[in-house]
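Have a look at the structure below, then the notes.
Note that ligands are numbered from 1 as they come in the structure, with each ligand's atoms numbered from 1 the same way. The figures here come from the full heavy-atom set of this structure, side chains too, leaving out hydrogens, waters and symmetry mates.
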Amino acid sequence: MLLTSLDFLLTFLSSISFADIFILFAIPFAFYIIRFYYAYYIRPNKLPGPFPLPFIGANYRMFTLNFRPIGLDDLFESFRSQYGDIFEVWFGNERTIVLCHPKYMVKMHQASTKSKYIKRFATFEGKEYGIVDNGVFNNNDIHGSWKLNRMVFSNALMRPKLDRDALQWTIDLVEEMESCWEKIGIIIDDNDMNKKSIDDEILNLPKWMVRFTYDMIYRVAIGIKGNALNSYTNNKCGLSNDENESNIIINSIQTYIEGAMYVRFLPKFVRDYFPFIRGIIRRYMDNKEFLYGKLTEIIEKRRREIAETPLNEELSTDMLTSFIIANTDRDPHKGRFVEKFEDVVVRPMKNEEMSGNLMDAFIAGTDTTANLFCFIVYYLAHSPEVLVRFRQEIDSIFQDDRTRKITLKDLDNLKYCESIIKEAFRMKPVFTTNLRLNSEEDEICGYIWPANTVFGLFYGAILKRPEAWNEPLKFNPDRFYNHMINDKDNDNNGHDDLVNNKNIGEKSEDGDDIKYSFTMFGGGVRMCPGRKLAMIELKCLVTMIYRKYDVELVDMNAPLKTKSTMLTACVDLLFRLKLRK
Ligand code: HEM
């Protein structure tokens with residue numbers, strides 16, 4: 001019997017010719033191409049944009065003629081100058097309508113739960129990986145899990161009680177990093193004794209900052225000190241280099257984020273059946289299982305600790321503790337929310353919901369802050385007159401004391417510092433392009449768009465428009481500072497001004513057209529819930545460094561090197577510190 005089947009198989013295989021194999025592959029391929037171009041030619045509202053190729057869409061335009069990849073920010077900028085303020089780009093099979101003028105983005109940035117533009121992503125790839133309808137950022141289940149997750153997330157981050165602790169944790173971390181820099185010779189004296197003994201890797205600011213922000217978010221999210229900074233120094237700081245739990249988890253989170261790109265952009269068929277890719281995906285899936293398992297252990301342990309804590313004892317302000325007690329009798333804010341949506345069944349959170357929210361704190365709260373700090377350092381190094389003004393502000397607040405503990409009141413007073421942070425974002429937005437989808441048919445820019453059209457809000461363009469900004473290519477924090485000082489609605493508390501982020505441009509008096517010209521934290525009901533934390537962290541870090549040190553770039557002539565996707569990252573920025581004279 002076995003022999004007969006084998007005979008049959010051999011006969012069958014030997015009868016297959018090369019032409020048969022070709023046809024076998026060519027038919028589905030041809031079918032795909034016809035379908036692709038049919039969809040392309042019948043698309044509604046044909047806009048200008050790069051001609052898409054099957055499978056890769058317009059991705060081929062990401063390479064220059066000498067095969068060098070260019071960033072998404074530069075690519076969109078080149079399309080904008082070629083096609084105008086509204087154009088279309090195909091990424092694979094997905095069409096994105098890219099908007100470059102704030103007036104086209106008004107509906108996306110309006111804070112109304114009735115908005116048709118609350119959804120963020122069109123693709124639904126990656127549910128098994130936990131990146132769809134989980135947590136906050138990637139969550140498209142607007143009337144389901146997103147609202148509750150978002151309310152709990154915002155409550156954990158926006159309550160004033162966290163401010164005090166977030167400031168203290170930032171101070172502790174800056175001091176830890178500073179002592180490390182001192183030991184390994186990043187902080188130099190006039191004799192430059194240590195100058196030659198350090199390799200470029202150690203002098204690279206973005207590497208430090210990513211670890212700094214991971215440790216910070218680990219502390220804020222889980223309530224435990226992280227170890228990313230410490231481990232980076234490989235014992236050079238004389239600190240122990242234990243592979244402790246925080247390190248394992250932080251590494252696993254970084255692997256998870258890397259894997260999310262594969263899962264989101266490769267079709268399921270390719271992920272499941274292509275031999276080489278299948279292996280890679282398997283490893284990412286194993287890492288994801290491991291990570292979520294670890295988070296569940298941490299959540300369970302914290303649940304037990306909370307249950308054992310007497311009712312009259314105050315609980316920690318970290319996010320995880322807030323998630324666990326949210327909407328339970330242990331919650332001091334039960335029934336009260338910083339952001340409240342209608343039609344939400346308010347209930348305690350499940351473990352997997354908490355894991356998703358914790359992951360979002362890491363995904364959205366680390367690289368953004370880390371890279372923005374690097375851009376601030378770059379622009380300050382090239383703007384001596386701004387640095388002088390900043391030092392005047394610092395000295396007027398701290399007098400000559402370069403080590404006094406920074407308070408929340410100081411942060412409120414550091415208005416020029418805040419303006420520097422905003423201006424660095426305007427010049428080099430870490431969040432280059434936001435995405436939103438319409439849940440119903442709607443009009444944008446005079447066209448009627450069917451539901452589920454993907455809109456790319458190209459922030460890189462609106463932050464430089466001459467209608468909204470004077471001399472838009474100039475680094476000039478005064479454009480924000482003057483506004484903060486003169487704004488009649490401002491209660492003289494710069495901190496609050498930012499929290500209520502008014503999304504205004506410099507020439508805000510000039511009308512609605514430029515209303516949403518400053519979108520550092522996005523806008524509307526999906527606006528960044530980490531904005532207050534990010535500003536506490538950045539203002540404290542920038543002030544502590546510039547109050548005490550002169551920051552020198554190793555190569556003052558080097559252009560700012562970045563890598564840009566949805567987020568723009570600083571690639572290399574070699575630095576040294578000298579004690580300020
Ligand atoms: C300088 C630092 C940061 C910048 C520039 C930034 C910017 C943004 C922007 C532009 C958005 C999109 C908002 C929209 O669609 O309207 C966003 C969303 C988000 N950010 Fe931030 N962010 C920063 C820091 C943080 C931090 C520290 C956290 C938390 C620890 C955080 C958590 C989130 C979350 C969870 C969302 C998704 C909100 C939603 O979809 O409902 N971000 N952020």
Side-chain angles (χ1 to χ4, degrees), residues 105-111 113 115 117-121 131 133-142 145-158 162 166 169-170 209 212-214 216-222 253 318-320 322-323 339 341 356-376 418 421-422 424-426 428-437 455-460 462-463 498 501 503 516 518-539 541-542 566-570:
M105 305 180 195
V106 170
K107 290 183 180 172
M108 289 86 179
H109 287 139
Q110 270 167 348
T113 46
S115 167
Y117 294 89
I118 303 182
K119 287 189 181 181
R120 198 185 290 290
F121 288 108
I131 51 173
D133 298 347
N134 194 23
V136 185
F137 191 86
N138 286 312
N139 201 328
N140 254 356
D141 184 14
I142 300 305
S145 55
W146 175 77
K147 278 186 183 168
L148 182 66
N149 289 354
R150 165 98 200 187
M151 276 160 58
V152 174
F153 198 101
S154 304
N155 253 22
L157 279 186
M158 302 289 278
L162 179 72
W169 296 334
T170 313
M209 293 328 300
F212 178 92
T213 49
Y214 261 97
M216 182 65 193
I217 294 298
Y218 202 83
R219 189 75 183 75
V220 173
I222 300 185
I253 290 171
D318 62 83
M319 295 177 84
L320 176 56
S322 301
F323 294 163
E339 292 175 342
F341 303 116
N357 271 8
L358 290 176
M359 287 299 298
D360 269 9
F362 282 101
I363 293 170
T366 49
D367 286 350
T368 40
T369 321
N371 288 297
L372 183 50
F373 178 74
C374 297
F375 297 149
I376 293 167
E418 184 170 317
I421 296 169
K422 288 174 170 176
F425 181 87
R426 193 192 65 80
K428 196 44 88 179
V430 279
F431 203 104
T432 317
T433 306
N434 199 356
L435 290 178
R436 293 296 184 80
L437 246 72
F455 294 94
L457 319 183
F458 181 32
Y459 290 160
I462 62 168
L463 293 164
L498 196 115
N501 198 329
N503 287 318
Y516 294 98
F518 187 65
T519 45
M520 176 165 174
F521 294 111
V525 290
R526 279 206 103 134
M527 187 185 219
C528 174
R531 56 196 186 272
K532 194 154 73 125
L533 172 68
M535 285 311 278
I536 291 177
E537 208 180 327
L538 280 169
K539 280 171 113 174
L541 170 63
V542 176
M566 210 170 153
L567 213 91
T568 297
C570 182

Among all protein heavy atoms, pick the one closest to atom 11 (C) of ligand 1 and tell me residue, atom and distance. F431 CE1, 3.7 Å
Check contact between E537 and ligand 1, using heavy atoms of the residue and a distance below 4.0 angstrom. no
Protein heavy-atom partner closest to atom 41 (O) of ligand 1 - residue, atom, separation in Å: R150 NH1, 2.8 Å
shortest atom 13 (C) of ligand 1-to-protein heavy-atom contact is with R526 O, 3.1 Å
Any nitrogen or oxygen of W146, side chain or backbone, less than 3.5 Å from one on ligand 1? yes
When rounded to the nearest 0.5 angstrom, what is the spacing between CD1 in I131 and CZ in F137? 11.5 Å
For F518, does its backbone N or O pair with a side-chain atom of R426 as donor and acceptor, under 3.5 Å? no
Is it true that N138 lies under 4.0 Å from ligand 1, counting heavy atoms only? no
Can you pull out the closest protein heavy atom to atom 23 (C) of ligand 1? Residue, atom name and distance to 0.1 Å, please. T368 OG1, 3.6 Å
Give me the nearest non-hydrogen protein atom to atom 29 (C) of ligand 1 as residue plus atom name, then the distance to 0.1 Å. L157 CD1, 3.7 Å
Between R531 and ligand 1, find which residue part has any heavy-atom pair under 4.0 Å and reply side chain, backbone, both or neither. neither
Short question: side chain of D133, backbone of N140 - any donor-acceptor pair under 3.5 Å? yes
Students should be able to answer this: which protein heavy-atom is nearest to atom 34 (C) of ligand 1, and at what distance? P529 CD, 3.4 Å
Where is the nearest protein heavy atom to atom 6 (C) of ligand 1: which residue, which atom, and how far? F521 CD2, 3.7 Å
Note: heavy atom closest to atom 31 (C) of ligand 1, options A534, G135, C528, belongs to C528
Near N434 (heavy-atom distance under 4.0 Å), the atoms of ligand 1 are 12 (C), 13 (C), 14 (C), 15 (O), 16 (O)
Check each heavy atom of L372 against ligand 1 and say whether those closer than 4.0 Å belong to the side chain, the backbone, both or neither. side chain
Contact (N/O only, under 3.5 Å) between L533 and ligand 1: no
Would you kindly specify which portion of I217 sits under 4.0 Å from ligand 1, judged on non-hydrogen atoms: side chain, backbone, both or neither? side chain
What protein heavy atom is closest to atom 7 (C) of ligand 1, reported as residue, atom name and distance in Å? M520 O, 3.5 Å
Would you say the ring centroid of F455 lies under 6.0 angstrom from that of H109? no
Among M216, R436, M108, K532, which one has a heavy atom closest to atom 16 (O) of ligand 1? R436
Among the heavy atoms of G524, does any lie under 4.0 Å from an atom of ligand 1? no
Can an N or O of T519 be found at a distance shorter than 3.5 Å from an N or O of ligand 1? no
Heteroatom proximity flag, T369 to ligand 1, N/O under 3.5 Å: no
With no hydrogens and no angle check, is any side-chain donor or acceptor of N149 less than 3.5 Å from a backbone partner on G135? yes
Is it true that a side-chain atom of R526 and a backbone atom of I118 form a donor plus acceptor pair closer than 3.5 Å? yes
Donor-acceptor under 3.5 Å (R436 side chain, M108 main chain): yes
Do you know which of V542, T213, I421 makes side-chain contact (heavy atoms from CB on, under 4.5 Å) with L372? I421
Of all the heavy-atom pairs spanning L320 and I222, show the shortest one and how long it is. CB-CA, 4.4 Å
